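Down below is the structure, laid out as structure tokens.
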Amino acid sequence: MANILVTGGAGFMGSWLVDILLDKKHNVINVDDLSGGFRRNINKHSTFYKIDLRNKEKVNKLFLENEIDIVYHLAAYAAEGQSVFTPIAINESITIPMDNLLVASVNTNVKKFIFASSMSVYGTQRLPFNEKYLRSPEDPYGIAKAYCENMLENFYDAHGLNYTIIRPHNVYGPRQNIYDAYRNVLGIWMNRILRGKPPIIYGDGEQKRAFSYVEDSMISFANAGFLKKSDAEIINLGSPEIVTINKACRLVLDAMGSDLEPIYMKGRPQEVKYAYSTTKKSEELLNHKNMHSLKEGLEEMVEWVNKVGCKEPIYGLPLEILKNAPEVWVKKMM
Ligand SMILES: NC(=O)c1ccc[n+]([C@@H]2O[C@H](COP(=O)([O-])OP(=O)(O)OC[C@H]3O[C@@H](n4cnc5c(N)ncnc54)[C@H](O)[C@@H]3O)[C@@H](O)[C@H]2O)c1
């Protein structure tokens, strides 16, 4: 049994990870400031601390009071598209917690640090994205994630902090925040469809993604703490099923039994058109198995969405730049 810190454990992916680690009988310390997560996601068998990880003193105290063996760092304001218009707040939510956690980990002899990075660090490169490529991010979210990866590699070289960097692809499923107007495209569509509004597609809808079911992803994510073969590695994680946004939208409408048709709006600046990556390394080093097709995963998500119901969207972090921002965001039309 290990003492494990999960950051972002009231969020979507973090709460699935907490459940998986508790099922394996580990002791889980769960930290979240609830800025983007939900109290209902907090597993009662974890020890919960409401802490803003940007606060260095609180992070140090947390590490001194708990003998942490493994850190899984997932907390962040995870909004890639919005980061173009909210660069300051999103950068702060990604880079400051990372620095605080890294320093505290070295000072308290943490054995392994697993970081939830992102495919956004690839930017636009030859597909599928391969772990051997250099980082080449094209938006503030990706730039901040690339900074964190760099720091982790530096802490490995300078202080011997063992790590795995995981780059998940578009993760979706039950417990995802479907009420934030700025992020999580499948959830935004579902929340609109439940309110009788057509889903919005930016651009021509021919963008390609590999949407990945949360349970499949988080089982492999959890494995990173315990598989030596994943030490000091960068690993893409997600589904091999590549779909266009048009196809994904059709599958969502079908899963919800809706007759609505999508509406098309101007493409978003700096949106990477094609983003999917290799899966071989995750299969070899994290024992990854893709168990849900997109159709099957969407059925699970829709069943949950029907239970939690729809709401008027929340415009979470305020936009810092309005110039060229999508009209539906500026005029709060979501
Ligand atoms: N969902 C995806 O498709 C995806 C893909 C690639 C990478 N990621 C990364 O995985 C991680 C989890 O994403 P998610 O989709 O579960 O997002 P989420 O918003 O559901 O979870 C993030 C959690 O972090 C918490 N948080 C944010 N800032 C914090 C702070 N300063 N201190 C403490 N807690 C804070 C939020 O309250 C939230 O509960 C993020 O780092 C994200 O960048 C997500």
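Below, all heavy atoms of this structure are taken into account, side chains as well, without hydrogens, waters or symmetry copies. One-based numbering, in listed order, for ligands and for the atoms of each. Given the structure is predicted, the values throughout are model-derived calculations rather than measurements.
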Between Asn3 and Asn27, is there a side-chain donor-acceptor contact under 3.5 Å, judged purely by atom types and distance? yes
Using distance alone, with no hydrogens and no angle criterion, decide if Asp231 and Tyr156 have a side-chain donor and acceptor under 3.5 Å apart. no
Under 3.5 Å: N/O of Ala75 near N/O of ligand 1: no
Nearest heavy-atom pair of Glu241 and Leu294: which atoms, and what distance? OE1-N, 2.8 Å
When the aromatic ring centroids of His26 and Phe226 are compared, is their separation below 6.0 Å? yes
Test your reading of the structure: does Val31 have an N or O sitting under 3.5 Å from an N or O of ligand 1? no
Proximity to ligand 1 by part of Asn170, non-hydrogen separation under 4.0 Å: backbone
Donor-acceptor pair between Asn91 and Tyr77 side chains, under 3.5 angstrom: no
Under 3.5 Å, N or O to N or O, is Leu53 touching ligand 1 that way? yes
Do you see a donor-acceptor pair shorter than 3.5 Å between the side chains of Thr244 and Gln207? no
What I want to check is whether the side chains of Lys132 and Thr278 have a donor and an acceptor closer together than 3.5 Å. no
Taking non-hydrogen atoms only, is Glu80 closer than 4.0 angstrom to ligand 1 via side chain, backbone, both or neither? neither
Under 4.0 Å, counting heavy atoms only: does Ala10 come that close to any atom of ligand 1? yes
Judged by modelled atom types alone, do Tyr274 and Arg209 share a side-chain donor-acceptor pair under 3.5 Å? no
Heavy-atom contact under 4.0 Å between Leu74 and ligand 1? yes
Per-residue contact class, Leu34 against ligand 1 - non-hydrogen pairs under 4.0 Å: backbone
Ligand 1-proximal atoms of Thr7, by part, heavy-atom distance under 4.0 Å: neither
Any heavy atom of Arg167 under 4.0 Å from ligand 1? The part involved is neither
Is there any N or O on Asn184 that sits under 3.5 Å from an N or O of ligand 1? no
